[in-house]
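These values consider heavy atoms only, across backbone and side chains, with no hydrogens, waters or symmetry-generated copies. Quick note: residue numbers are just sequence positions, from 1.
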Amino acid sequence: MRAVKFAGAAVAAVIVVIALLLVIGIPSGVLTSAITSRVESATGYRLTIAGTTKVSLWPTLNVTLNDLTLQDPKDRTGVSRLTVDSVQADMSLSSVWSGHPKISDLLVTHPVLYQPLLSERMPTGAPASKPAAPLDAGGASIAHVTITNGEVAFSVARDRVESRLSAINAVVTVSADRKVNFAGTARAGDHGIKFDIKALAPALPVERQTIPLDFAFDAPSLLQSQLRGHAEARLNGSVVMISGINGTLGDGAFNGWASVDIASKPLVKLDLDFQRLDIPLSKSADGAAGQPWSDAPINVSGLNYVDAQMRVSATEANIGEARFAPLALDAKLAGGVLKAGTANLGAYGGQVSGEVILDATSGAPSFAMHSDLAGVLALPLLKGLADFDRLDGKLQAKIAVRSAGASRRALMANMQGTVFANFQDGAIRGINVAQMIRSLTTSTLSGWQDSQEQSTDLTQLSASFRIDKGQAVTTDLNLVSPLVRVTGAGTIALDTKMMGFRVEPKLVMTTEGQGRTSDPVGFGIPVMIEGSWSQPRIYPDMAGVLDNPEAAYAKLREMGKGLFGPDGAGLGSILGSLGLGGTPSGGGNASPQAQPSQNNPLGGALGEAIGNLIQQGLSGGTPGTSTGRSRGLPGSPTQPAPHASPTPPAQDNLEDKPPAEQQDSQPMNDVLRQLFNR
């Protein structure tokens with residue numbers, strides 16, 4: 001409301017000054033005093049002319065005023081004011097002689113409106129000092145106004161807060177039938193805005209009269225498409241009511257209503273429903289896994305100077321790379337505390353509910369969040385929100401966290417709360433866990449050994465975290481996949497993006513995922529995962545493994561605990577006890593058929609036994625049944641069992657048409673290729 005008064009008062013002041021200049025000529029100090037007195041009596045605002053005044057008669061009548069200040073005399077602080085570097089008016093001499101000046105062009109250079117911000121709402125009901133002068137006061141009219149490099153400065157001297165709407169370059173045209181067109185560009189921080197507003201100016205007075213508006217906004221960094229629509233505005237005291245809002249955002253329609261109470265601290269009420277809502281989000285480099293969090297200050301102090309009640313709904317919403325359908329968000333902002341919640345947010349095939357509370361009343365903003373996710377597809381959600389594309393599957397999660405801090409790094413360092421996440425029936429993309437386990441028998445790994453062509457299927461990946469001062473600790477990490485099981489515990493440092501885990505990987509001899517209690521075969525010793533969460537070091541938890549890797553891995557092979565190593569004594573004993581090959585626990589020499597061959601890609605009897613057991617898991621067979629694959633080495637002839645038929649089939653028939661149980665298994669070959677990388 002104050003800005004409207006200033007605009008009207010400024011126009012009236014220009015008209016009064018021009019009329020006096022035309023009658024008296026270039027003013028002296030006495031005339032300047034007369035002009036300012038006349039403006040104050042007509043508008044209620046005090047005008048100060050600190051610069052020069054110039055009048056030119058060629059090629060048209062031209063009046064230029066420099067260094068003007070317009071302010072409310074009742075404002076003792078002097079914060080609320082309008083300053084203008086210069087005002088230049090062009091008009092025809094004939095219109096002046098007629099007594100009805102017609103200003104063809106009005107050029108306003110670098111106007112700055114200083115608007116104070118209030119942190120609390122004041123009692124309403126105080127009448128305005130004086131109504132703004134009408135646009136055609138004194139019979140004068142203005143057809144064309146050009147604003148160059150204008151600004152609106154919102155400030156709070158006590159809190160040292162200032163925000164600006166800058167680089168305002170606009171043109172206002174008024175036709176003979178009172179149609180007004182206001183078009184131009186501006187900048188709000190780093191965001192460029194282009195606007196075009198058309199309205200029909202009502203007859204005076206404007207109070208309680210409906211003003212039809214057509215509007216169009218382009219803000220590429222805020223909206224992916226042009227916002228275009230129609231509305232009807234009405235001024236009711238200090239409340240601007242905007243009803244019948246309807247239009248399009250890109251190719252989606254929207255409708256709703258809004259109101260703004262501008263008596264003191266603005267109170268905004270808004271209800272909008274979109275068919276499709278697209279809001280782009282710029283990707284921050286400090287959010288990437290390998291980059292530290294930013295220490296740049298987060299400024300949300302502006303939430304203290306406006307109150308709001310909002311409801312935004314959409315059939316489909318695209319926020320950054322995230323996709324939601326449907327969206328229903330209710331938010332309330334009061335006293336610098338923002339509460340936003342949703343009870344039915346559709347996200348990637350699942351449902352999300354929760355609430356976020358942001359408190360901006362102190363120097364370091366604080367927030368709290370609780371949320372439940374059910375049946376959400378993890379891959380598109382995590383990729384859209386955090387650019388993380390390693391996990392796929394159905395996600396169930398419960399999140400309850402809080403923090404406070406003036407930067408992203410501080411927020412992460414002060415994080416408190418609990419998180420439980422459970423991924424089911426998916427995959428770890430780009431990482432072959434079984435291959436990583438095999439590699440650990442020969443060397444320490446640096447990084448996750450990414451490979452976009454490989455992945456690890458998972459039946460379930462779950463963990464619960466307790467977060468204290470940015471340290472997320474879990475003791476129940478559990479990965480279950482058709483061939484690998486991993487359990488463990490560890491800590492993730494959210495502020496430094498570091499991690500430290502101690503896990504126990506096991507090979508599961510079944511493709512059913514869970515397996516039986518006797519199925520898992522352990523790696524023998526735990527594995528440490530330490531370092532940044534983008535490139536950690538992965539190594540067996542053995543003394544001296546980092547100081548003297550060669551000696552440590554030699555000891556590992558000596559101990560026979562390498563799951564895929566050539567010795568494999570520990571695993572061979574287990575398999576031998578199951579009757580599946582390997583070295584008998586009692587010692588002795590293996591049969592000639594079990595001796596390793598240089599051309600054997602499976603690495604001897606140990607590899608053959610593992611392969612047979614995995615194949616049984618693939619085919620659903622069990623050890624010792626007649627449907628299982630032969631346990632002899634590939635290509636080696638087998639002796640018929642004593643109870644076999646006395647008339648064995650001919651050799652050529654065997655070669656031409658092998659029995660089903662002797663056929664090579666393509667799934668088996670794929671598993672071996674994945675596990676042994678041969």
Side-chain angles (χ1 to χ4, degrees), residues 152 165 167-175 177-202 209-235 239-260 266 268-283 306 308-331 333 340 342 344-348 352 380 384-385:
V152 179
L165 182 65
I168 302 174
N169 295 287
V171 174
V172 183
T173 57
V174 183
S175 64
D177 55 357
R178 308 183 70 85
K179 291 182 179 179
V180 181
N181 186 23
F182 180 36
T185 60
R187 292 199 65 82
D190 296 329
H191 307 292
I193 302 172
K194 182 179 180 181
F195 56 88
D196 188 353
I197 302 173
K198 295 179 174 63
L200 180 62
Q209 292 200 56
T210 299
I211 304 173
L213 299 171
D214 292 305
F215 56 86
F217 290 93
D218 285 290
S221 58
L222 297 174
L223 299 173
Q224 291 184 346
S225 306
Q226 185 185 64
L227 177 68
R228 181 182 293 273
H230 175 81
E232 294 181 346
R234 179 185 299 178
L235 181 62
V239 180
V240 180
M241 305 179 65
I242 307 174
S243 60
I245 301 176
N246 62 84
T248 59
L249 177 59
D251 57 356
F254 69 91
N255 60 79
W257 61 270
S259 69
V260 183
V268 179
K269 296 182 180 181
L270 179 69
D271 190 335
L272 292 177
D273 179 51
F274 294 84
Q275 285 185 352
R276 179 186 178 95
L277 178 61
D278 294 323
I279 301 178
L281 296 178
S282 58
K283 293 185 179 181
V306 62
Q309 299 173 14
M310 297 178 291
R311 177 176 177 82
V312 178
S313 57
T315 305
E316 178 183 355
N318 303 318
I319 303 175
E321 298 294 329
R323 305 288 182 265
F324 304 101
L327 168 69
L329 180 67
D330 291 285
L333 174 60
T342 179
N344 184 28
L345 176 62
Y348 302 107
V352 178
L385 294 180

Separation of [Y] [atom2] from [X] [atom1] (nearest 0.5 Å):
X      : Y      : atom1 : atom2 : answer
Arg187 : Ile168 : CZ    : CD1   : 12.5 Å
Asp273 : Phe254 : CG    : CZ    : 11.0 Å
Glu232 : Ile211 : CD    : CD1   : 10.5 Å
Thr173 : Lys179 : OG1   : NZ    : 11.5 Å
Thr315 : Arg276 : OG1   : CZ    : 11.0 Å
Phe215 : Ile245 : CZ    : CD1   : 6.0 Å

Sidechain-backbone polar pair: Thr342 side chain, Ala328 backbone, donor-acceptor under 3.5 Å: yes

Which pair of non-hydrogen atoms, one from [X] and one from [Y], has the smallest distance, and what is that distance?
X      : Y      : value
Ser259 : Val239 : CB-CG1, 4.4 Å
Ala258 : Leu270 : CB-CD1, 3.8 Å
Ser221 : Gly192 : OG-N, 4.3 Å
Leu272 : Gly256 : CD2-CA, 4.0 Å
Gly244 : Asn246 : O-ND2, 3.0 Å
Leu333 : Val306 : CD2-O, 3.3 Å

Residues that Leu223 engages under side chain to side chain contact (heavy atoms under 4.5 Å, CB included), provided they are two or more places apart: Leu227, Leu249

Side-chain ion pair, Lys198 and Asp196, N-O less than 4.0 Å: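 Answer for the salt bridge query: yes.
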
Would you mind reporting whether [Y] and [X] have side-chain heavy atoms less than 4.5 Å apart?
X      : Y      : result
Gln275 : Thr248 : no
Leu277 : Val312 : yes
Lys269 : Trp257 : yes
Leu327 : Leu345 : yes

Residues, nucleotides or ligands: over 12 heavy atoms within 6.0 Å of [X] [atom1]:
X      : atom1 : result
Asp177 : CG    : yes
Arg323 : CZ    : yes
Met310 : CE    : yes

